[in-house]
Amino acid sequence: MPKYDFKSIEPKWQSYWEKNKSFKAERNSSKKKYYLLEMFPYPSGKIHMGHVRNYGIGDVVARFMRMKGFNVLHPIGWDAFGLPAENAAIQNKKHPAQWTEDNISTMQTQLRSLGLSYDWDREIATCRPEYYRWSQWCFLKFYEKGLVYRKKSQVNWCNACNTVLANEQVIDGCCWRCDGEVEDRFQEGWFFKITDYADRLLEGCKHLSGKWPEQVLTMQSNWIGKSYGAEIDFKIKGKNETIKVFTTRPDTLYGATFMVLAPEHPLVTQLSLGTNQEIEVGKFVNKVKQEDKLERTSEKGEKKGVFTGAYAVNPLTGEDISVWSANFVLMDYGTGAIMSVPAHDQRDLDFARKYSLPIRVVIQPKDSPLDESNMTEAFSTNGIMVNSGSFNGLASEEAKKKVCEHLEDIKIGKASVNFRLRDWGVSRQRYWGTPIPIVRCDECGLVPVPEDELPVQLPLDVKLGDRGQSPLTTLAKFYKTQCPKCGNLARRETDTLDTFVCSSWYFNRFTSAKNNQSAFNKDDLDYWMPVDQYVGGIEHAILHLLYSRFFHLVFKDLGFIKSDEPFDRLLTQGMVIKDGAKMSKSKGNVIDPDEIIQNYGADTARLFILFAAPPSKDLEWSDQGVEGCYRFLKRVWKIFDDFIIDIKSAGSITKDYKTDSKELLELRRVTHVTIGRVTDDIQIRMQFNTAIAAIMEFVNHLYTFRDSWLLLKDNDDCSRLIVKESFETLILLLAPFAPHIAEEMWSLLGHKTSIVQVEWPVFNKDFTTTEELLIVVQLNGKVRQRITVSASASQEVIKSLALNDSKIKEQTKDREIKKVIVVPGKLVNIVVK
RNA sequence: GCCGGAGUGGCGGAAUUGGCAUACGCACAGGACUUAAAAUCCUGCACUCGUAAGGGUUUGAGGGUUCGAGUCCCUCCUCCGGCACCA
């Protein structure tokens, strides 16, 4: 037999799978489905190691579940709209569509060369009209449901990208994609009402616990940011206005000794008009406007404020309290106004000290009473109410509810919840995206494009501005249109949709990818959805995963879909690291997957990336580690070669084959122990590194076995059957990880069908038991001896064997035995004094 | 500050239910084969005392529960991630 030649084996099986459509998925209600999905790639140019890891992990599960008898859907597509295509186009004078399609074809070839088991017939690309037509349709459905609106608001503007960003796309004040600084702009745009779903999205997090990584659920919960409290109206003295505040501490209302408004709050200027503070306030507001947003919102920033000249009335004490404006109050959280309780909030205390404002304690801790005159730290935990009228003596936790009830009775406030989550801005001022299917008519206003006129085609014969300005705004052929309602001349919307809209529903499209009648077919959705296992990077913990969950809930409300969540289980894989940093072109620490495939083969590449670390942890690249995996596959090939003649001469496996040979019994035991370990590791634990380690141990055992096999005299049919079973098991266990070598060995054994649908080995517990057991003997919990006992020995027998062991006798002879614990099948612990 | 995750040999990591800590791999050292090298195979490899047999110590630190703790509980430290002048 020739040596292990991956260069001929791998392409051979890849074309076999393709020709035979080995991974084609079809709806079949008599078979249990399994939908495995990895986050679809952006066609950026070439595959990188992160992709290999992402798709390698997914492919193990897909191949395993197929062998387990499931009807597996494992599709692939391209998240193909987006800025890099435009930027590359400007640099290379190549059209974004051309650039994108070229990259797709390069990356398709690369994915194929990895031997990934995709149903290529379902391939999609979000930039093609047959896909974005349905993205537009989704937009219209949202619009009908009242979940889409336009507003003029403060938006995040990335100068480098020349477009607006959603809040979720701003990371530490910078653009998520280009890292450029983000500035505020006041601009009109389209929004999705994701805030309507804040509660359900948060509630869903609870149900996903245990199925999604806690880290992701925490991040989403933090992002949604629900807080419980009250809304309270404060009357302005001498005017007909009220200021509404949100507070999480209604119990401290008696201690509210002043109020603070955000500088952007419309009442600030209004209140100061005509007072002697008017000029000061104007100066202050202008100054804050000019301040850098990052600096202003950082905790280190100095707390600065100005008195507005107005007073409000504390609704419970009836006292006049001064109204201020300060830089630390934010317009876009709560109501943009706060009541200040300096005794029980650190910022308020700092502010009160700085501007000599009154402080009143209304909650006392149990032990050491607070003194307003010298407190430096606000008391912000629970205690007993004081100085609070009829609420005195109540526990503050309890008082929260009571105060809210009281406020409601006197109609100046109510219990309320507040979210940090803002609506999702989906307008982008760029070209390479899904056109928003809306027409603006002078007569009729905003008019949605009728469904039967979709898609609104993105024109391809355009010239891009050199700073990325969208050509759509000046392309009359595009924007000039007729109003669908009145037929008059009208203007098309020239903003495009955020690419995250395209990726928020693509997993539904995969269930009937080629359907040109509708976005998705109900029977297909009902059968395939939800995705059983989703695999992708943690960088989408908030963005893509939150948006997709939102879309799914809307689809549910629209009656399209039954499930509450799109992704039942989520696995977030770690990054691929080299020399301590994430692989990236700028750091120059990139390993090209093609090179690894060229030198070692796809099987080695896959094996290494699955073996080097558990899937969710970061993985440190190691050239020597790759060598090690290659060495392992060569060892597999070699031992297989050593046995192939014996295996092929064995008959077919029957149920009742027996042997008395110790070595063969041990071989069969190791075989079945390995089946158990590998099955659990893939199916339950998703821990592929230990699955591979178990297979390596199995192979090491086969090498040990080989020595005794050569000496074994009774090399009969039954013996060969056991050997055959072991090797066939090895091949099948290896198949999800290293599919090419597995197919090759499988066919060398004479099998005529591909390994793809062969049944996964069945674990038989009876074969894993032995006649003798190794029992550890401990003295006071420390291992002192190991003894072998018969598997059928009673606890009493084991105990006496342990106590009568010569070494144990020696060590216990002068000591009093206080207790003996026998753990069946494991150990004996002798407690001595 | 709040929330989440983690801390085990020289390195990546294992220990699934409280029961032999360090599986598997890498690196390293010695040996076999070879004119030589590569490849391959064999042996060793947590630390420490010891020629050895054997002993002692060790899972970030310190306590606790238990016959027995990497695993459970308490206090603390460090690192990673998220949120945060969030009212």
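Numbered from 1 within each chain, the chains take letters A, B, ... in sequence-line order.
Taking the P atom of each, B/G7 and B/G60 are spaced 7 Å apart, rounded to whole Å. Using atom C1' as the reference point in both B/C11 and B/A46, the two lie 13 Å apart (nearest Å). Between B/U71 and B/G18, the distance separating the two C1' atoms is 7 Å to the nearest Å. Straight-line distance between the P atoms of B/G13 and B/A6: roughly 14 Å, to the nearest whole Å. When the C1' atom is compared between B/U65 and B/C73, the two are found 7 Å apart, to the nearest whole Å. Across the P atoms, B/A52 and B/G44 are found 15 Å apart, a figure rounded to whole Å. Taking atom P in both B/A21 and B/A39, one finds a spacing of 36 Å when rounded to whole Å. Across the P atoms, B/G25 and B/A14 are found 15 Å apart, a figure rounded to whole Å.
RNA chain B is contacted by both A/T335 and A/K617; A/K617 maps to the nucleotide lying nearer its 5′ end (nearest heavy atom per residue). Nearest-nucleotide assignment on RNA chain B puts the 5′-proximal partner with A/V216, out of A/D348 and A/V216.
With contacts defined as side-chain heavy-atom distances shorter than 4.5 Å, the pair A/R53/A/I57 qualifies.
With respect to A/F608, the ring-ring contact (aromatic ring centres under 6.0 Å, His included) criterion is satisfied by exactly one of A/F632, A/Y630, A/W621: A/W621.
Rounded to a whole Å, the CZ atom of A/R631 is 8 Å from the P atom of B/A39. Look at CZ on A/F698: it is 19 Å from C1' on B/G25, rounded to the nearest Å. In this structure, A/E539 atom CD and B/C80 atom C1' are separated by 16 Å, rounded to whole Å. Per the geometry, CD belonging to A/E168 stands 14 Å off C1' belonging to B/G82, to the nearest Å. The distance between atom CD of A/Q795 and atom C1' of B/C67, rounded to the nearest whole Å, is 14 Å. In this structure, A/E214 places its CD atom 13 Å from C1' of B/G82, rounding to the nearest Å. Regarding A/D345, its CG atom lies at a distance of 7 Å from the C1' atom of B/A87, rounded to whole Å. Between A/Q811 atom CD and B/G55 atom C1' the separation is 10 Å, expressed in whole Å.
Counting any heavy atom pair closer than 4.0 Å across all strands shown, A/K638 reaches no nucleic acid atom. Residue A/G628 is classed as a sugar-phosphate contact, given heavy-atom separations below 4.0 Å to backbone atoms only. Residue contacts shown for A/P213 are absent, as no nucleic acid heavy atom lies under 4.0 Å away. Contact annotation for A/Q624: backbone-only contact, meaning every heavy-atom pair under 4.0 Å involves sugar-phosphate atoms and none involves a base. Counting non-hydrogen atoms under 4.0 angstrom, A/N700 reaches the backbone sugars and phosphates but no base.
A side-chain donor-acceptor contact under 3.5 Å links A/T704 to the backbone of A/N700. Listed for the A/W709 side chain is no donor-acceptor partner under 3.5 Å among the backbone atoms of A/L702. Formation of a donor-acceptor pair under 3.5 Å by the A/K354 side chain with backbone atoms of A/K303 is found in this model.
For the atom pair CG (A/L267) and NZ (A/K244), the distance works out to 12.5 Å, reported to the nearest 0.5 Å.
Applying the 4.0 Å criterion to OP1 and OP2 of B/A87, one finds that A/R249 has every side-chain N and O outside that range. At the phosphate of B/C41, OP1 or OP2 sits under 4.0 Å from a side-chain N or O atom of A/R635. Within the 4.0 Å cut-off from OP1 or OP2 of B/A14, at least one side-chain nitrogen or oxygen of A/Q687 is found. The phosphate of B/A87 (OP1 or OP2) has a side-chain N or O of A/S227 nearer than 4.0 angstrom. Residue A/R347 places none of its side-chain N or O atoms closer than 4.0 Å to OP1 or OP2 of B/A84.
Nearest heavy-atom pair, A/F234 versus A/A312, reported as atom, atom and distance to 0.1 Å: CB-CB, 4.3 Å.
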Protein-nucleotides 16-23 of chain B N/O pairs closer than 3.5 Å?
residue, atom, partner, partner atom, Å
B/C20, O2, A/R786, NE, 2.9
B/C20, O2, A/R786, NH2, 2.7
B/A23, O2', A/E697, OE1, 3.3
B/A23, O2', A/E697, OE2, 3.0

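For B/C85, its base sits under 3.5 Å from the side chain of A/K303 at one donor and acceptor pair at least.
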Practice task
Run the numbers on A/S227 and A/N418 for side chain to side chain donor-acceptor pair (under 3.5 Å), then give the verdict.
Solution key: CA-CA 5 Å; A/S227 36; A/N418 189 58; 4.8 Å; no
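Using the six-membered ring where Trp is involved, A/W637 and A/Y4 have ring planes that are tilted, between 30° and 60° apart.
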